[in-house]
Amino acid sequence: MHSLYAARRVALPVLLGLAGCADDPTASFDGLPVDQAGPPLAMTSTDVRLNRTVDITVSGANANETITIGLSVNGTGAGDCPGYLGGSCFGILAPVQLLTTVTTNGAGSGAKSVNVPNYPSLNGRSVCFQAVARRPGPDVLATPVCVDIGYDTDGDGIINSKDLCPTGDDAFDWDEDGLADACDPTGAPPQFDTYAFPTSVTQTTFQTRNVLRIIPPNPVGIVWFFHGTGGDAGLVESPEGIHLLNAFLARGYGFVAIDSQNRSTGVFDATSAPASNQDWSRVNALRTNLINQGLFTANTPTFAIGFSAGSSFVSWLGHVAPGAGWPLEALAFHNHAGRSAQYGAAPDMPIAFLPAENDTTVDPATVVQRYDEHIHNGFTGILLTIEEERFAPSRLAVSPDIDPATSAAMRQATIDAGYYDAQGYRLFPDNQIDQAIDDIAALPGFTPFRPGKKGLTAMLATHVLHGQHAEEEADFFDLYR
Ligand SMILES: [Ca+2]
Ligand SMILES: [Ca+2]
Ligand SMILES: [Ca+2]
């Protein structure tokens, strides 16, 4: 890296004189046609940030060409026409000094970030640059570029004199009102805290299957959770599941989650009649067992939430359980249309349908269609679409394994890799969401990747249990207890 400080002591003519030596590789271009057919040589420069960098780009050069960047602190105008320019003249005023050189790629473009020392006397001044392409015959010079010199205290690339928010990165402007988050008390991104799993949970087994439950004294209702294909009762321990659970616990509900009978597929049986359905037998017996323990009564209002294939069983349950004495009041289908092979259409009871807008496993349009049919048939329901969220800096901190600073660093890794912009909008198309989740999880800076991937998946509204509508879901159940 060349430094501006060093450059001020090295006169450009010295460099250009050296470049004209016999062993200069550019000498071999002598006699070749001059390439002037492409776009004109051009350059850009950021402002010069003292004690940081200045970033230069060049374009319109030949492939793999070394471009010299000259500088002047005396502005632009009709400059010197030294002999080494082969008849060309500078457009910046003498003395012209060397900043750096930039080597172009195969497309004739190049970029360089040049370290700039702390040079207080340059603060507030300006400087002009001009790119020079050494060519046989007259050298080719780009139009000069003049920029300002100053300090960039917050390191966001904007010098203090132009920085709208000198105490924070101006690229981070969550509400997009032009004022960076650090200077915008009303426009900061939402803050996410860990969704902590209640310590009062009881983990037990019933007829060899795992059960997780919390049942407060005199519960206002009992919510049964049924996992999807390949899942288990631990579904409720994911951050999103905890978020959902806590909404019910805060209102005085208890919950029960149990593993499915089939542990190889992890699918609850929604295809068999009650007499031969082992999931139903166990779940019904568990309920009786819990009533006999005095944890709730036979009249405690009961609800059921299914995720994905678990919703098929919840739908099945809605057809069967009321006839077996369950006061089953309302259901919720997450990421599923809520039909069972045994009974088909959803039962005649209040149902919350929760499609996720980017779900490629269960088409959200199908879920909406089932909701419409439910309403059309005269039944009660609510549609709570899970919507994609912007990537807030602390979004992944909902996991107990990720603190807010780590979440912000993981988010930055997705920005640096081009998956998200600083406002938290994704930069990949809809049809690449599932692939992008895998790719992001593999980024070196996206660590710890496993809980990070879960949070990312929830944020992108794909096929995963979501707590996004936890309060509305609890509000809905409250109507029927
Ligand atoms: Ca700044
Ligand atoms: Ca700033
Ligand atoms: Ca703002």
Side-chain angles (χ1 to χ4, degrees), residues 1-5 7-8 43-57 69 71 73 99-100 102 111-129 145-193 387-398 403-427 445 455-456 459-461 468:
M1 284 288 185
H2 295 250
S3 75
L4 186 66
Y5 180 76
R8 288 176 55 80
M43 70 165 293
T44 69
S45 174
T46 61
D47 283 334
V48 175
R49 302 183 303 147
L50 295 169
N51 209 24
R52 294 185 184 273
T53 59
V54 57
D55 299 325
I56 304 289
T57 72
I69 309 296
L71 76 83
V73 294
L99 173 69
T100 189
V102 180
K112 192 176 228 181
S113 183
V114 181
N115 287 331
V116 180
N118 187 357
Y119 207 135
S121 67
L122 288 179
N123 186 27
R125 298 186 64 180
S126 63
V127 62
C128 297
F129 300 125
V145 172
C146 299
V147 297
D148 294 322
I149 303 172
Y151 289 97
D152 173 15
T153 305
D154 60 7
D156 65 354
I158 306 168
I159 60 174
N160 292 353
S161 60
K162 298 176 181 177
D163 198 332
L164 295 176
C165 177
T167 58
D169 191 334
D170 280 46
F172 293 93
D173 175 17
W174 186 259
D175 65 357
E176 301 171 285
D177 67 349
L179 190 56
D181 295 338
C183 294
D184 187 353
T186 62
Q191 294 292 315
F192 289 85
D193 296 322
E387 291 169 352
E388 182 178 346
E389 302 165 49
R390 287 165 65 193
F391 199 159
S394 62
R395 180 61 178 85
L396 303 179
V398 297
D403 63 23
T406 302
S407 176
M410 294 168 79
R411 176 182 185 268
Q412 187 63 48
T414 72
I415 294 171
D416 293 343
Y419 290 100
Y420 274 89
D421 70 16
Q423 266 57 256
Y425 292 105
R426 71 172 148 89
L427 299 174
L456 188 66
M459 201 170 72
L460 283 161
Q468 186 177 96

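A quick note: this is a predicted structure, and the numbers were derived from the prediction, not measured. In this chain, residues are counted from 1 in sequence order. Ligands are counted one by one from 1 in listed order, and the atoms in each one are counted from 1 as well.
Using modelled atom types, one side-chain atom of S407 and one backbone atom of P393 make a donor-acceptor pair closer than 3.5 Å.
Every residue meeting the side-chain contact (heavy atoms from CB on, under 4.5 Å) condition with A111, not counting sequence neighbours, appears here in chain and number order: T57. Applying the side-chain hydrogen bond (donor to acceptor under 3.5 Å, both in side chains) rule to Q423 yields no partners; only residues at least two apart in sequence or on another chain are considered.
When the Ca ion (ligand 3) is compared with the N/O/S atoms of D173, atom OD1 turns out nearest. When the Ca ion (ligand 1) is compared with the N/O/S atoms of D152, atom OD1 turns out nearest.
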Could you go through residues 146-155 and list every donor-acceptor pair under 3.5 Å that involves a side-chain atom there, pairing it with any protein atom two or more places apart or in another chain?
{"residue": "D148", "atom": "OD2", "partner": "K162", "partner atom": "NZ", "Å": "2.9"}
{"residue": "Y151", "atom": "OH", "partner": "N118", "partner atom": "OD1", "Å": "2.4"}
{"residue": "D152", "atom": "OD1", "partner": "G155", "partner atom": "N", "Å": "3.0"}
{"residue": "D152", "atom": "OD1", "partner": "D156", "partner atom": "N", "Å": "3.3"}
{"residue": "D152", "atom": "OD2", "partner": "R49", "partner atom": "NH1", "Å": "2.5"}
{"residue": "D152", "atom": "OD2", "partner": "D156", "partner atom": "N", "Å": "3.2"}
{"residue": "D152", "atom": "OD2", "partner": "G157", "partner atom": "N", "Å": "2.7"}
{"residue": "T153", "atom": "OG1", "partner": "N160", "partner atom": "OD1", "Å": "3.3"}
{"residue": "T153", "atom": "OG1", "partner": "N160", "partner atom": "ND2", "Å": "2.7"}
{"residue": "D154", "atom": "OD1", "partner": "D156", "partner atom": "N", "Å": "3.3"}
{"residue": "D154", "atom": "OD2", "partner": "G168", "partner atom": "N", "Å": "3.1"}

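Sorted by chain and number, the protein atoms of type N, O or S within less than 3.0 Å of the Ca ion (ligand 2) are D154 OD2, D156 OD2, D163 OD1, D163 OD2, C165 O, G168 O, D170 OD1.
For a distance bound of 3.0 Å, the N, O or S atoms of A188 include none lying that close to the Ca ion (ligand 3). With a cut-off of 3.0 Å, the Ca ion (ligand 3) has an N, O or S atom of D177 in range.
At least one side-chain heavy atom of Q412 sits less than 4.5 Å from a side-chain heavy atom of D416.
The Ca ion (ligand 3) lies at the vertex of an angle of 90° between the OD1 atom of D175 and the OD2 atom of D184 (rounded to 10°).
T186 and D184 form a side-chain donor-acceptor contact under 3.5 Å, judged by distance and modelled atom types alone. For the residue pair Y425/E388, the side-chain donor-acceptor check at 3.5 Å is not satisfied.
The side-chain tip of R395 points at the ring of F192 from less than 6.0 angstrom away and within 45° of straight on.
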